[in-house]
Amino acid sequence: MTRLNPLKPSERMKIKRQEASEQPPDVRATNFLEVSFGFDEERSIVEASRCLECKEPLCIDGCPVGIDIRSFIQALLARDFDGAVKKIREANYLPAICGRVCPQESQCESLCVLGKKFTPVAIGKLERFVADYESGHQLFQTPHIAERRKEKVAIVGSGPAGLTCAAELAQKGYGVTVFEALHALGGVLRYGIPEFRLPKEILDLETDRIRALGVEIYTNFVVGRTATVDELFDEWGFSAVFLATGAGTPTFMGIPGENFSGVYSANEFLTRVNLMGAYQFPENDTPVKIGKHVAVIGGGNTAMDAIRTSKRLGASDAYLIYRRSREEMPAREEEIHHAEQEGVKFVLLTNPVKILGSSTNWVTGIVCQKMALGEPDESGRRRPIPVEGSDYTIEVETVIEAIGQKPNPIVQATTPGLSTGKRGVVSVNDQQRTSRAGVFAGGDLARGGATVILAMRDGKRASQEIDAYLQDARTPVSTATPS
Amino acid sequence: MYPILDTADLAPTIKKFVIHAPFIARKRKAGNFVMVRVEKHGERIPLTLAASDPERGTITLIVQAIGKTTKLLGTKVAGDSLLDVVGPLGTPTPIENHGLTVCIGGGVGTAELYPIARALKDAGNTVVSIVGARSRDLVILEAEMRECSHTLFVTTDDGTYGRKGFVTDQLQDILNGPEKVNAVYAIGPLPMMKAVCAVTRPSGTRTYVSLNTIMVDGTGMCGGCRVTVGGQMKFACVDGPEFDGHQVDFDELLMRNRTYTDMERIADERYHRCRLTGEMQKS
């Protein structure tokens with residue numbers, strides 16, 4: 001591999017990590033436009049020139065889908081932006097999305113050698129730049145599709161796992177049909193992640209590209225209700241099914257007062273705003289109600305999305321209540337940082353014990369208990385222990401619970417022989433196979449709650465395993481041509 | 001898109017729609033509902049399936065125009081289409097042979113009751129039905145209900161038709177009668193279902209109610225439809241919509257359902273204004 005970068009490694013190390021421009025916090029906290037503008041061309045070239053072009057790049061090990069990061073950065077540095085994005089697309093179907101929502105700081109960037117002494121290369125921002133360059137310059141070309149195979153595969157759910165699996169299998173020549181329960185594609189990318197982090201325009205573009213592969217799409221189709229998995233095999237003629245229905249069922253804390261008006265699951269709150277466009281009521285019919293004082297419970301990315309959305313809907317005091325400390329928060333550092341900048345008040349080491357309400361059933365406050373950190377628990381994080389007698393009340397009109405989701409139970413309940421584990425998570429082996437022949441599963445449905453990129457990895461692996469499964473199932477005299 | 005093949009006015013503001021939705025038609029069971037989005041920018045609303053015809057691939061919805069979305073739906077005629085229809089959702093009504101069963105429909109709830117009464121009769125029950133409405137012109141599906149009931153009573157609040165009074169008056173008389181009632185199915189406005197449960201509670205008569213709640217997706221995703229049943233949190237969209245009425249916390253649900261009243265009014269008024277200006281522009 002020839003090195004394009006004329007700079008010596010020592011010179012590269014002296015270059016500061018480039019920062020993307022952002023909307024100022026006081027401005028962006030009042031709108032739903034994207035927070036980060038990403039890199040421009042020059043900044044991306046400077047940033048790419050920081051890459052040490054390691055012989056054995058560790059960053060690639062940190063990428064769940066194994067993007068050839070070094071090669072794409074080298075192409076970028078040579079201003080071959082088209083080549084750079086094509087390199088990414090060899091491993092990742094949704095670069096504009098991953099460049100925005102992947103936790104790079106705990107994946108590829110965490111292993112970057114530069115990060116040991118300095119700061120790692122901003123791989124995520126570079127990925128986003130080349131993906132945006134591709135759409136900005138209409139460089140995308142629908143990939144080559146292998147000769148049509150006779151088998152059809154059903155993909156249940158159109159989130160990151162489903163879309164990835166659909167795209168991969170369509171390219172291999174299979175007839176692919178995606179079934180989506182909602183009226184719009186994207187799963188959590190549609191209903192969960194807000195516009196200011198992932199503009200829907202980008203999602204629409206990516207889903208259009210997947211349609212262009214010849215993937216058949218049914219929205220408004222709830223597998224388990226509109227047709228069962230068994231019917232997909234027996235009546236619809238599918239040869240394999242990939243289940244990727246995500247973790248869309250909210251959990252509630254189980255504390256008194258959760259049924260007062262003004263208490264939302266983060267799922268309901270974000271679905272109203274993101275899927276139904278409630279932030280544009282009454283132009284859009286779906287309403288959402290947010291008080292001036294809002295409490296969001298939880299410390300993950302969903303909690304950050306909910307609290308930052310509530311700021312944008314007009315909350316003057318937005319309290320993020322989390323029972324551990326800032327260090328233990330599962331949210332991405334960038335999201336926590338952005339929330340802090342936007343004026344979110346972090347109420348840490350605090351656990352809600354009761355929601356208070358008025359005689360008309362509206363939330364008036366939340367009673368909290370202070371916590372101290374004890375010994376590490378099974379997750380390795382220090383266990384929060386209640387401090388007796390520390391109860392106090394925060395006056396709020398809205399409470400949003402973002403304490404985690406579990407898989408939707410409909411498919412599991414209507415598919416005999418499908419094994420599930422804790423909280424309804426579908427059991428799979430390392431080939432994404434479930435207990436039912438020909439039925440594969442991945443993403444949050446098989447994980448319980450993880451990231452977009454891990455869902456994509458599952459989708460990709462499932463596509464390979466489904467391909468292998470269908471090849472095995474073919475009779476030796478089959479005339480189907482393997483690619 | 002889901003084409004409307006046929007419509008009929010059943011009463012002032014109550015309209016029947018026959019819609020082409022073959023997958024839903026095949027799978028519908030009594031008690032199922034669909035989520036409907038009429039047009040772009042619209043909300044998703046739950047509507048109970050009144051009937052289906054698997055061979056024609058149609059489903060039947062009976063809708064009362066109350067708020068913006070149902071009023072907009074009420075303007076649709078054969079040849080128009082609905083943007084989104086998804087289902088069949090919810091757990092179907094448990095149909096057993098109870099023996100003597102009373103089926104109670106209040107207002108447009110009669111449309112939801114009708115398929116259940118029919119299924120109960122087919123399952124061998126002796127079905128006694130009570131159809132209640134505010135006034136004579138709001139009594140719907142009388143002939144259909146009569147056909148699937150052994151006995152049918154009609155009550156109107158103002159006495160313009162049938163017995164003057166509430167469905168609960170008639171129910172009380174039946175419960176006081178010589179024959180033991182083994183089950184009651186009540187579908188209608190929440191206050192009516194609550195009142196029915198109050199009447200059946202002393203005798204412990206098993207009472208099924210079908211709850212209408214706030215819903216966004218209808219598939220268990222939002223939790224907006226949560227209700228307290230027997231002290232437990234239940235989701236009406238997947239655990240219901242039918243529940244043991246004696247276990248339901250109606251007062252809480254009644255208050256929860258008022259969460260968006262003011263915003264619903266804004267949407268409704270805006271819709272009327274738009275229609276008015278739209279019509280003025282046309283003329």
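As the structure is a computational prediction, the values presented were derived from the model and not from experiment. Side chains are part of it too, since the values below use all heavy atoms of this structure and drop only hydrogens, waters and symmetry mates.
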Legend entry - Test log, rule side chain to side chain donor-acceptor pair (under 3.5 Å), inputs A:N361 and B:R256: CA-CA 7 Å; A:N361 205 52; B:R256 269 188 73 73; over 6 Å; no
Contacting moiety of [X], where chain B heavy atoms sit under 4.5 Å:
X: A:T251; result: neither
X: A:F281; result: side chain
X: A:E180; result: neither
X: A:N408; result: side chain
X: A:Q405; result: neither

Structural part of [X] lying under 4.5 Å from a heavy atom of chain A:
X: B:V216; answer: side chain
X: B:L253; answer: neither
X: B:Y271; answer: neither
X: B:T228; answer: both
X: B:M263; answer: both

Inset, instruction - Determine, stepwise, if the pair B:R226 / A:F252 fulfils side chain to side chain contact (heavy atoms under 4.5 Å, CB included). - result: CA-CA 11 Å; B:R226 60 194 187 273; A:F252 287 87; 3.6 Å; yes
Legend entry - A:I410 and B:V238: CA distance, side-chain angles, deciding distance, side chain to side chain contact (heavy atoms under 4.5 Å, CB included) verdict: CA-CA 8 Å; A:I410 294 176; B:V238 287; 4.0 Å; yes
Legend entry - Residues in residues 27-41 of chain B that sit under 4.5 Å from chain A, counting heavy atoms only: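 Residues of residues 27-41 of chain B touching chain A at under 4.5 Å: B:K27, B:R37, B:H41.
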Side chains of [X] and [Y]: closer than 4.5 Å at any heavy-atom pair?
X: A:L182; Y: B:M221; answer: yes
X: B:V86; Y: A:V222; answer: yes
X: B:T259; Y: A:W362; answer: yes

Inset, instruction - Verify salt bridge (charged side-chain N to carboxylate O under 4.0 Å, His left out) between B:R270 and A:E283, making sure each step is shown before the conclusion. - result: CA-CA 9 Å; B:R270 191 170 181 273; A:E283 280 73 33; 3.7 Å; yes
Legend entry - Aromatic plane relationship, B:Y260 with A:Y264 - under 30° parallel, 30 to 60° tilted, over 60° perpendicular: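 Judged by the thresholds at 30° and 60°, the geometry between A:Y264 and B:Y260 is tilted.
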Legend entry - Parallel, tilted or perpendicular, as decided by the 30° and 60° cut-offs, for the rings of B:F23 and A:W236: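 Tilted, since the angle between the ring planes falls between 30° and 60°.
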Legend entry - Residues of residues 284-294 of chain A contacting chain B, heavy-atom criterion under 4.5 Å, by residue number: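 So far as heavy atoms go, A:N284, A:D285, A:T286, A:P287, A:V288, A:K289 are the residues that approach chain B to under 4.5 Å.
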Minimum heavy-atom distance [X]-[Y], with the two atoms named:
X: B:M255; Y: A:S261; result: O-OG, 3.8 Å
X: B:G223; Y: A:P250; result: N-CG, 4.2 Å
X: B:P88; Y: A:T226; result: CD-CA, 4.1 Å

Legend entry - CD1-CD distance between B:I214 and A:E268, expressed to the nearest 0.5 angstrom: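 One gets 7.0 Å once the value is rounded to the nearest 0.5 Å.
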Legend entry - side chain to side chain donor-acceptor pair (under 3.5 Å) partners of A:E216, counting only residues at least two apart: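 In terms of side chain to side chain donor-acceptor pair (under 3.5 Å), with neighbours along the sequence ignored, A:E216 is linked to A:T177.
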Inset, instruction - For B:K234, enumerate each residue passing the side chain to side chain donor-acceptor pair (under 3.5 Å) test, keeping only those at least two apart in sequence or located in another chain. - result: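 In terms of side chain to side chain donor-acceptor pair (under 3.5 Å), with neighbours along the sequence ignored, B:K234 is linked to no residue.
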Evaluate whether atom [atom1] of [X] has more than 12 neighbouring non-hydrogen atoms of other residues, nucleotides or ligands under 6.0 angstrom away.
X: B:K76; atom1: NZ; result: yes
X: A:K152; atom1: NZ; result: yes
X: A:E201; atom1: CD; result: no

Inset, instruction - Could you walk me through whether B:F235 and A:T249 pass the side chain to side chain contact (heavy atoms under 4.5 Å, CB included) test, one step at a time? - result: CA-CA 10 Å; B:F235 288 0; A:T249 298; 4.2 Å; yes
Legend entry - Residue among A:T219, A:T228, A:N259 with most heavy-atom pairs under 4.5 Å to chain B: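 Going by pairs under 4.5 Å, I would pick A:N259.
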Legend entry - Carboxylate-amine/guanidinium proximity below 4.0 Å for B:E43 and A:R272: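 Here B:E43 does not pair with A:R272 in a salt bridge, since their nearest N and O are not under 4.0 Å apart.
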Inset, instruction - Please determine, among B:T69, B:D217, B:L83, B:L89, the option with the most heavy-atom pairs under 4.5 Å with chain A. - result: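 Of the options given, most contacts go to B:L89.
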